[in-house]
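None of the values given here were measured: they were computed from a predicted structure.
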Amino acid sequence: MATRPQWILELHPDFPSSLLVLERRPEALVLQREDVVKGNWPDLSGPVVGYGTMFSMTRLRRHPRLGLAVSDDYRLLRCSSYYRWTYDLLGRNCLLVPVDALASLPLQRIFGSHFFLRSDSNYKIFTAATHSTDHLPDWLQDHAGELAVISEVIPILQEYRCFCRHGHFVCGSSYPEEPYREVPVEVRLMAEKAAQRMHHQGLNLCTVDIATCPDGRLRLIEIGGVHSWGLYGSDPDAFIDALEAEALDC
């Protein structure tokens with residue numbers, strides 16, 4: 001019988017989901033931010049699972065021996081990567097452009113009075129938000145050369161986060177506000193469709209965020225990883241089982 005993987009958890013006020021895992025895996029090794037900054041990683045052998053902020057998990061993934069604790073492939077999780085396989089699920093017009101090119105684009109002609117702007121990377125270098133096409137924020141100059149996504153603004157009724165493994169739904173809930181709701185069947189099916197496409201590209205575990213909209217359509221909001229993504233109302237036991245199964249398969 002396979003040994004249960006050891007967990008490495010970062011407890012951080014910005015990432016409360018780690019506490020849900022710690023309640024169920026009290027034997028987990030707990031990392032402090034100081035340990036991460038100094039590179040004081042634990043000496044472990046065997047299968048390991050990491051869970052915590054992206055600041056810490058990106059550094060853990062680079063560890064020569066413990067890197068398998070984090071299965072997230074940040075290269076595949078860039079919009080510029082996964083949009084080529086999932087663009088038809090977005091349900092809105094999106095463009096990938098360098099930040100410093102925004103000032104020269106006819107934004108009003110393309111998007112109307114407002115547009116939505118987000119970073120290409122899941123490691124958000126700036127906060128995703130809606131902006132007026134009449135006035136670009138001054139802080140954009142601090143990110144010249146960075147790739148960004150601009151898209152039309154869509155009204156959203158509710159967003160759902162779906163954790164998937166090998167293209168199949170594991171657990172999920174509505175987010176970010178409580179009360180958390182169960183994921184409707186149609187949202188699960190769409191999440192699995194996106195997750196299956198990512199599985200074909202080599203991403204076994206992922207989160208798929210889906211929005212329900214007033215026009216009745218479902219829209220893909222984002223595909224993310226699992227080791228730094230909040231659980232909200234998802235079943236923590238199902239989440240733990242999926243990550244441990246993946247660690248044992250590595």
Side-chain angles (χ1 to χ4, degrees), residues 14-15 53-59 61-62 72-162 175-177 190-191 193-195 197-198 201 203 206-230 232:
D14 293 338
F15 197 70
T53 66
M54 195 173 289
F55 176 90
S56 298
M57 294 300 105
T58 52
R59 285 154 180 79
R61 194 174 192 275
R62 294 196 293 264
D72 295 338
D73 187 334
Y74 300 109
R75 176 184 57 86
L76 290 176
L77 294 175
R78 299 184 75 94
C79 297
S80 53
S81 177
Y82 70 79
Y83 274 13
R84 70 191 73 186
W85 305 299
T86 60
Y87 192 88
D88 60 309
L89 303 179
L90 296 174
R92 58 197 181 280
N93 295 318
C94 298
L95 300 175
L96 285 152
V97 297
V99 170
D100 45 337
L102 289 173
S104 61
L105 290 178
L107 294 174
Q108 191 167 31
R109 177 164 61 84
I110 299 172
F111 296 110
S113 61
H114 291 82
F115 68 98
F116 184 78
L117 177 69
R118 60 152 293 168
S119 170
D120 173 49
S121 170
N122 269 174
Y123 200 116
K124 307 296 194 302
I125 59 173
F126 53 80
T127 301
T130 297
H131 301 278
S132 169
T133 52
D134 291 334
H135 178 70
L136 296 177
D138 294 335
W139 54 259
L140 285 179
Q141 62 187 352
D142 298 330
H143 302 288
E146 295 285 352
L147 196 59
V149 177
I150 54 174
S151 66
E152 60 181 307
V153 179
I154 56 170
I156 291 175
L157 294 176
Q158 181 65 66
E159 292 184 67
Y160 294 90
R161 169 154 298 169
C162 302
Y175 80 99
E177 291 87 12
M190 183 172 177
K193 181 185 293 188
R197 296 180 188 181
M198 298 306 295
Q201 304 306 320
L203 194 67
C206 66
T207 53
V208 183
D209 294 345
I210 302 288
T212 58
C213 300
D215 62 4
R217 294 182 61 186
L218 302 178
R219 288 175 169 84
L220 173 65
I221 297 301
E222 183 175 37
I223 292 177
V226 298
H227 295 267
S228 301
W229 275 257
Y232 298 99

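- Remark: Asp209 CG to Arg161 CZ distance equals 4.5 Å, nearest 0.5 Å.
- A 4.5 Å side-chain heavy-atom check between Met57 and Tyr74 finds at least one atom pair inside the cut-off.
- The two atoms that bring Leu90 and Cys94 nearest to each other are CD1-SG, 3.9 Å, heavy atoms only.
- Each side chain to side chain donor-acceptor pair (under 3.5 Å) pair with one or both residues in residues 109-122, not counting sequence neighbours, appears once here: Arg78-Asp120, Ser80-Asp120, Arg118-Glu222, Asn122-Glu222.
- Considering all non-hydrogen atoms of both residues, His131 and Trp139 come closest at CE1-CZ2, 3.8 Å.
- Distance check, rounded to the nearest 0.5 Å: OG of Ser132 to CD of Gln108 gives 8.0 Å.
- Taking NE2 of His227 as the reference point, atom OG1 of Thr53 lies at 13.5 Å (rounded to 0.5 Å).
- In this structure, the ring pair (Phe, Tyr, Trp, His ring centres under 6.0 Å) partners of Tyr175, at least two apart in sequence or on a different chain, are Tyr232.
- Asp88 pairs by the side-chain hydrogen bond (donor to acceptor under 3.5 Å, both in side chains) definition with Arg197, not counting sequence neighbours.
- Within the 4.5 Å cutoff, no side-chain heavy atoms of Ile221 are placed close to those of Ile210.
- The minimum heavy-atom distance linking Ala148 with Leu117 is given by the pair CB-CD1, 3.7 Å.
- To the nearest 0.5 Å, atoms OH (Tyr87) and CZ (Arg92) are separated by 9.0 Å.
- The shortest non-hydrogen separation linking Ala128 to Phe116 is CB-CZ, 3.6 Å.
- Residues Leu95 and Phe115 fail the side-chain proximity criterion, which asks for heavy atoms closer than 4.5 Å.
- Contact check for Leu77 versus Ile223: side-chain heavy atoms found under the 4.5 Å cut-off.
- For the pair Arg59 and Phe55, the cation-pi criterion (under 6.0 Å, within 45° of the ring axis) is fulfilled.
- Using a 4.5 Å heavy-atom cutoff, the side chains of Tyr83 and Leu220 are not in contact.
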Q: Starting from the C-alpha separation in whole Å, work towards a yes-or-no answer on side chain to side chain contact (heavy atoms under 4.5 Å, CB included) for Lys193 and Leu89.
A: CA-CA 9 Å; Lys193 181 185 293 188; Leu89 303 179; 3.8 Å; yes
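- For the atom pair CZ of Phe126 and CG of Asp142, the computed distance is 11.5 Å after rounding to the nearest 0.5 Å.
- A distance of 8.5 Å separates CG in Asp73 from CE in Met198, rounded to the nearest 0.5 Å.
- Taking the side chain as every heavy atom from C-beta outward, Leu96 and Ile150 never approach each other to under 4.5 Å.
- The heavy-atom pair separating Phe15 from Gly230 by the smallest distance is CE1-N, 4.0 Å.
- Taking the side chain as every heavy atom from C-beta outward, Thr58 and Asp72 never approach each other to under 4.5 Å.
- The closest side-chain heavy-atom distance from Leu147 to Val97 is not below 4.5 Å.
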Q: Go through the steps for Trp85 and Leu76 under the test side chain to side chain contact (heavy atoms under 4.5 Å, CB included), then give the verdict.
A: CA-CA 11 Å; Trp85 305 299; Leu76 290 176; 4.2 Å; yes
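- A donor-acceptor contact shorter than 3.5 Å links the side chain of Arg219 to the backbone of Gly91.
- Taking all atoms of both residues into account, the shortest heavy-atom contact from Val149 to Cys79 is CG2-CB, 3.7 Å.
- Side-chain atoms of Thr133 come within 3.5 Å of backbone atoms of Gly112 as a donor-acceptor pair (strictly under, hydrogens ignored).
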